[in-house]
Amino acid sequence: QVQLVESGGGLVQAGGSLRLSCAASGLTFSWYTTGWFRQVPGKERDFVAAIRRSGGSTYYADFVKGRFTISRDNAKNTVYLQMNSLKPEDTAVYYCAARFSGTYYSTPSGYDYWGQGTQVTVSS
């Protein structure tokens, strides 16, 4: 079956960096647009970034532009989120998602598969 497994979350001080990874299995990864979302308790899941199948196009939420970078390695079936200059408001559970399409989509309903999430906590 399809599995997306995130890793790399943790506790970091404000201004620090983390690199999240999401390893996919059970699907032809290069056929899927992949994205990162985040969620805090009591709030909706928010779009963070997405990358199209070939990796040639990337998209970011305004609040992470210039700080986060999404990338992928189709040979390793893995998508990454490099997070720099972290702020306390970046604290959330981060989820990766895969969409069977070449187009980018910024709402959760547009994605077919989800990981279990990884906690990112940024202390002030």
Side-chain angles (χ1 to χ4, degrees):
Q1 77 271 22
V2 175
Q3 280 193 311
L4 301 177
V5 180
E6 300 98 334
S7 61
L11 174 64
V12 64
Q13 288 189 328
S17 298
L18 283 174
R19 188 194 196 203
L20 305 184
S21 299
C22 174
S25 60
L27 75 171
T28 304
F29 186 68
S30 61
W31 293 357
Y32 288 76
T33 291
T34 52
W36 287 95
F37 290 76
R38 70 187 190 186
Q39 189 170 25
V40 298
K43 293 193 175 182
E44 295 184 348
R45 194 166 292 189
D46 290 330
F47 171 75
V48 174
I51 185 166
R52 294 176 74 169
R53 293 183 293 193
S54 67
S57 297
T58 57
Y59 308 89
Y60 296 94
D62 287 343
F63 55 78
V64 303
K65 281 182 181 176
R67 300 190 298 126
F68 292 9
T69 303
I70 189 171
S71 61
R72 65 189 292 161
D73 185 338
N74 286 345
K76 295 183 178 179
N77 287 0
T78 302
V79 60
Y80 305 97
L81 185 68
Q82 178 67 44
M83 305 186 295
N84 298 330
S85 302
L86 282 161
K87 305 175 182 180
E89 52 264 43
D90 293 318
T91 295
V93 177
Y94 283 72
Y95 298 89
C96 71
R99 166 177 166 83
F100 183 62
S101 171
T103 59
Y104 133 81
Y105 214 73
S106 64
T107 60
S109 61
Y111 288 78
D112 304 300
Y113 300 105
W114 290 86
Q116 81 289 349
T118 186
Q119 176 70 47
V120 171
T121 303
V122 184
S123 63
S124 57

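Because only heavy atoms are used, hydrogens play no part in the values below, and waters and symmetry mates are left out as well, while side chains stay in.
No donor-acceptor pair closer than 3.5 Å links the side chain of R72 to the backbone N or O of G55. Checking side-chain atoms of T33 against main-chain N and O of S101 turns up a donor-acceptor pair under 3.5 Å. Checked by atom type and distance alone, the side chain of R99 pairs as donor or acceptor with a backbone atom of T103 at under 3.5 Å.
By the rule that hydrophobic residues join a cluster once side-chain heavy atoms approach within less than 4.5 Å of another member, Y111 and Y59 end up as members of one cluster. Residue M83 is grouped with residue V48 when hydrophobic side chains (ILVMFWY) are merged at heavy-atom distances under 4.5 angstrom, including chains of intermediate members. Criterion: ILVMFWY side-chain heavy atoms under 4.5 Å apart, direct or through other members. Under it, V2 and V79 are not part of a common hydrophobic cluster. Hydrophobic clustering (side-chain heavy atoms under 4.5 Å, transitive across Ile, Leu, Val, Met, Phe, Trp, Tyr) keeps Y94 apart from L4. Transitive grouping of hydrophobic side chains (ILVMFWY, heavy atoms separated by less than 4.5 Å) keeps I70 and V93 in distinct clusters.
Taking CZ from F63 and CZ from F68, the interatomic distance works out to 8.0 Å, rounded to the nearest 0.5 Å. Separating the OH atom in Y80 from the OG1 atom in T69 is a distance of 14.0 Å, to the nearest 0.5 Å. Within the model, atoms OG1 of T34 and CZ of R52 stand 12.0 Å from one another, a figure rounded to the nearest 0.5 Å.
Counting only heavy atoms from C-beta outward, the side chains of D90 and R67 approach each other to under 4.5 Å. A 4.5 Å side-chain heavy-atom check between E89 and V122 finds every atom pair outside the cut-off. Using a 4.5 Å heavy-atom cutoff, the side chains of W114 and R45 are in contact. Residues W36 and E6 have side chains in contact (heavy-atom distance under 4.5 Å, counting atoms from C-beta outward).
Across Y104 and A50, no two heavy atoms sit closer than the pair CD1-CB, 3.7 Å. Heavy atoms only, all atoms of each residue included: F100 and W31 are closest at CE1-CE3, 3.7 Å.
Taking R53 as the reference, nothing meets the side chain to side chain donor-acceptor pair (under 3.5 Å) condition, with sequence neighbours excluded. Under the side-chain contact (heavy atoms from CB on, under 4.5 Å) criterion, S124 pairs with P88, sequence neighbours left out.
Between F47 and F37, the two ring planes are perpendicular [angle over 60°; tilted spans 30° to 60°].
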CA sep, side-chain torsions, deciding dist, call: D62, K65, salt bridge (charged side-chain N to carboxylate O under 4.0 Å, His left out): CA-CA 5 Å; D62 287 343; K65 281 182 181 176; 3.2 Å; yes
Below 3.5 Å, can you tabulate the donor-acceptor pairs from side chains in residues 7-30 to any protein atom, sequence neighbours excluded?
unit_1, atom_1, unit_2, atom_2, d
S17, OG, N84, OD1, 2.9

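Enclosure of atom OH in Y105 is not indicated, since only 12 or fewer non-hydrogen atoms of other residues, nucleotides or ligands lie within 6.0 angstrom.
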